[in-house]
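A short worksheet on the structure shown next.
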There are 2 protein chains.
Amino acid sequence: MRAEATSVSDARLRAFVGYNMKRAMNVLQADLARTLQPFGLRMLTFSTLSMIVENPGLRPSQLAEALLIERANMVVYVDQLEQAGWVTRAPNPLDRRAHALHCTEAGACVYDQARAAVEAHDRRMLDGLRADEVATVRKALGRIEVGS
Amino acid sequence: MRAEATSVSDARLRAFVGYNMKRAMNVLQADLARTLQPFGLRMLTFSTLSMIVENPGLRPSQLAEALLIERANMVVYVDQLEQAGWVTRAPNPLDRRAHALHCTEAGACVYDQARAAVEAHDRRMLDGLRADEVATVRKALGRIEVGS
DNA sequence: TATTGTTATACTCTATAACTATA
DNA sequence: TATAGTTATAGAGTATAACAATA
């Protein structure tokens with residue numbers, strides 16, 4: 001027997017777009033984690049690998065700035081990619097404090113495969129939405145990101 | 001002198017709506033945390049308090065299910081609200097395993113004030129968007145939440 | 001047997017301070 | 001002095017297993 005038969009409502013919270021966005025983000029994040037797990041990647045290590053593949057030679061601090069991640073935390077993600085053999089830290093002759101990040105052949109290979117899976121994941125998340133609706137969502141997300 | 005003058009691009013990641021949503025959610029979360037800090041609340045303790053105010057007498061397990069949070073984690077949030085004197089755990093005579101959650105007068109008071117601040121925060125996040133655009137965003141978030 | 005609340009634990013993400021070696 | 005990479009640490013969110021009391 002249930003102690004409370006009365007229905008539970010989150011209607012007041014549903015009024016907040018932020019609340020709906022948090023719930024959607026939880027679902028999206030869990031689905032993306034499942035998508036990337038077979039590749040040995042997570043959302044942040046995938047993003048990091050993507051940036052290194054697409055911007056060969058960039059420095060960790062540039063990477064952290066672009067991904068809105070603290071430099072201190074970026075170290076860990078690059079560590080994990082380096083230990084997996086997908087990324088290298090090369091000394092930078094122009095500035096001996098800096099490192100130049102490059103992906104390996106294995107890194108480029110896993111990136112191509114993971115990227116295809118993430119593309120399918122992204123399409124799944126947007127399934128049933130028209131192109132103009134997706135554009136509106138992008139616009140709204142962009143405004144939230146720069147505003148605040 | 002900068003070691004790398006070449007520009008860094010996250011254009012490939014920008015193609016993913018999930019990436020844009022993650023960035024927007026980070027900004028939104030940080031802004032909401034700043035909004036709730038003066039009240040001694042965080043996103044999850046505010047959501048929990050809201051549910052208890054709007055659904056007096058509900059059980060922690062119902063609360064966890066409604067907020068998509070594990071029961072084990074819910075315990076901590078109710079603990080914090082109880083220690084602040086905003087929520088009470090009453091024994092449930094119908095089921096001695098269960099607790100009935102109620103807010104105190106102080107809890108209802110801080111909720112009213114925090115809720116007004118969260119409403120202002122939510123409006124700020126959506127500033128510049130038309131009503132039909134907000135509706136589209138809600139629709140998209142709803143599809144992502146139930147889909148997956 | 002199943003459920004409720006709970007404890008313990010682990011992993012992830014985020015944020016800050018401080019150190020070193022360079023510039 | 002300022003910056004790049006790093007280490008250490010703490011707070012917060014998430015997830016699972018397991019236990020005692022109760023149904």
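By convention in this document, chain letters (A, B, ...) are assigned in the order of the sequence lines, proteins followed by strands, and residues within each chain are numbered from 1.
Considering only heavy atoms from C-beta on, A:T35 comes within 4.5 Å of A:R124 through its side chain. For the pair B:M21 and B:I144, the minimum side-chain heavy-atom distance is below 4.5 Å. When side chains are defined from C-beta on, B:L63 does not count as touching B:R59, because their heavy atoms never get closer than 4.5 Å.
Rounded to whole angstrom, the span from the CG atom of B:L94 across to the C1' atom of C:dT3 amounts to 16 Å. Atom CD in A:E70 sits roughly 15 Å away from atom C1' in D:dT3 (whole-Å rounding). Protein atom OH of B:Y77 is 7 Å distant from nucleotide atom C1' of D:dA12, rounded to whole Å. One can place CE of A:M43 at 17 Å from P of D:dG13, the figure rounded to the nearest angstrom. Nucleotide D:dA23 holds its P atom 13 Å from the CZ atom of B:R59, rounded to whole Å. In this structure, CG of A:L32 is placed 14 Å from C1' of C:dC13, rounded to the nearest angstrom. Rounded to a whole Å, the CG atom of A:L63 is 19 Å from the P atom of D:dT3. Between B:L68 atom CG and D:dT14 atom P the separation is 9 Å, expressed in whole Å.
We find that B:D10 and B:R23 are joined by a salt bridge, their nearest charged nitrogen and carboxylate oxygen being less than 4.0 Å apart. With salt bridges taken as basic N to acidic carboxylate O contacts below 4.0 Å, one links B:E145 and A:R14.
At distances below 3.5 Å, at least one donor-acceptor pair connects side-chain atoms of A:R138 with backbone N or O atoms of B:A15. Distance alone, capped at 3.5 Å, places no donor-acceptor pair between the A:D127 side chain and the A:R123 backbone.
The nearest heavy atom of DNA chain D to B:R96 and to B:R42 marks one nucleotide each, and the one closer to the 5' end goes with B:R42. Taking for each of A:P93 and A:L44 the nucleotide of DNA chain C with the nearest heavy atom, the 5'-most of the two is the partner of A:L44.
Close to C:dT12, at under 4.0 Å from its OP1 or OP2, lies no side-chain N or O of B:K22.
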Look for any protein N or O under 3.5 Å of an N or O in nucleotides 6-9 of chain D and output each such pair with its distance, or none.
from  : atom 1 : to    : atom 2 : distance (Å)
D:dT6 : OP1    : A:R89 : NH1    : 3.1
D:dT6 : OP2    : A:R89 : NH1    : 2.8

